[in-house]
Amino acid sequence: MPLPAASPTMSAPEFQGLRDFIYAKTGIFFNESKQYFLENRLQRRLGDLKLRTYREYLDLVQGGAGREELKQLFIEITTNETSFWRNPPQIEAFQRVVLPEAVKLARDRGATKFRIWSAACSSGEEPYTLAMVCAEAKDGPLKGLQVEILATDISERVLAQAKQAVYGSYTLRNLSPAQLQRHFTQQGPDQFEAKPELRQMVGFRNVNLVDYPAYRSLGTFDIIFCRNVLIYFDDAVKRKVLQGFHEQLAPRGYLLVGHSESIHAFNTGFELMHFSKAMGYRKRG
Ligand SMILES: C[S@@+](CC[C@H](N)C(=O)[O-])C[C@H]1O[C@@H](n2cnc3c(N)ncnc32)[C@H](O)[C@@H]1O
């Protein structure tokens, strides 16, 4: 959409200043081709805050008074596309192979809790998908184990949506009618609320993936899902994120990334696992 005539234009130095600031705060790197995207996303903030230039906006978020605006900046610049049962072959591999194997390891360690981290969970479709699979395994592999799914994201807006747990049919399109009926209550013509059985398994928290020391406060996980966010990071950030995941995974724990995200180039202590039509990684023994 073209900018209205009165809208400020982002200069090259303003773009570079904002890009470097955003990279330092989030790990998300915008190359030159993304200037229009950034201008478009931040234009409304300038209007709401009655600022005249992007330089003034940068000064605001860089200053102590800009802490609240920083949250808004994260909301504006992130891409939150997601859906239930996204990448079905990988979810099926989780259901058939990863979950039973990881549960066995947890039981062998004498664990009473089984913990999964959905890192960069967006509006909740991914963690609730994992909760559906766990709910269906509660009388099977997971019998007697308490399941805890920690879902984190940098955007307060998507976390608020996730906590509401109400979804429309488009994002639920990959679910079978039986799954929809078992796990959701219809509230309106196109509104489906996740049932308490799913909701009580999932906890939400705002975690910025470049805040590496914060990882430790999250504890140890049997499985980490981090899908479709590494693509926004450069190699230096990817390497540190993967190192953090490695530290938080239980011995031989699993890491599942997006289908276009290979972590092969980073000698991170993970081995590649091949499943039917999907891949994953496992912490080396
Ligand atoms: C495309 S969505 C992926 C959602 C889900 N994992 C999936 O695959 O469907 C990417 C998410 O990463 C989050 N994100 C981006 N940078 C982040 C960071 N530094 N820390 C935590 N989350 C971040 C965004 O807010 C967004 O919700």
Tell me whether R19 is salt-bridged to E32, with the criterion being a basic N under 4.0 Å from an acidic carboxylate O. yes
Can E76 and R44 be counted as an ion pair, charged N to O under 4.0 angstrom? yes
Do the side chains of E156 and K163 get close enough for a salt bridge, i.e. N-O under 4.0 angstrom? no
Between R282 and E271, is there a salt bridge with N-O shorter than 4.0 Å? no
Going by the ring-ring contact (aromatic ring centres under 6.0 Å, His included) test, name the single residue among F270, F221, Y281 that passes it with H246. F270
Ring center gap for W85 and F94 short of 6.0 angstrom: no
Is it true that R86 and E125 have a side-chain N and a carboxylate O under 4.0 angstrom from each other? no
Strictly below 4.0 Å, N to O, side chains only: are D235 and R239 in salt-bridge contact? no
Does a salt bridge link R109 with D222, judged by any charged N lying under 4.0 Å from a carboxylate O? yes
Within 6.0 angstrom of K195 NZ, more than 12 heavy atoms from elsewhere: yes
Which label fits W117 and F245: parallel for a plane angle under 30°, tilted from 30 to 60°, or perpendicular past 60°? perpendicular
Would you confirm whether the ring centroid of F84 sits within less than 6.0 angstrom of the ring centroid of Y167? yes
With salt bridge (charged side-chain N to carboxylate O under 4.0 Å, His left out) as the criterion, how do R227 and E126 come out once you've worked through the C-alpha distance, each side chain's angles and the decisive distance to 0.1 Å? CA-CA 9 Å; R227 304 194 303 166; E126 179 177 281; 2.9 Å; yes
Donor-acceptor under 3.5 Å (T26 side chain, Y23 main chain): no
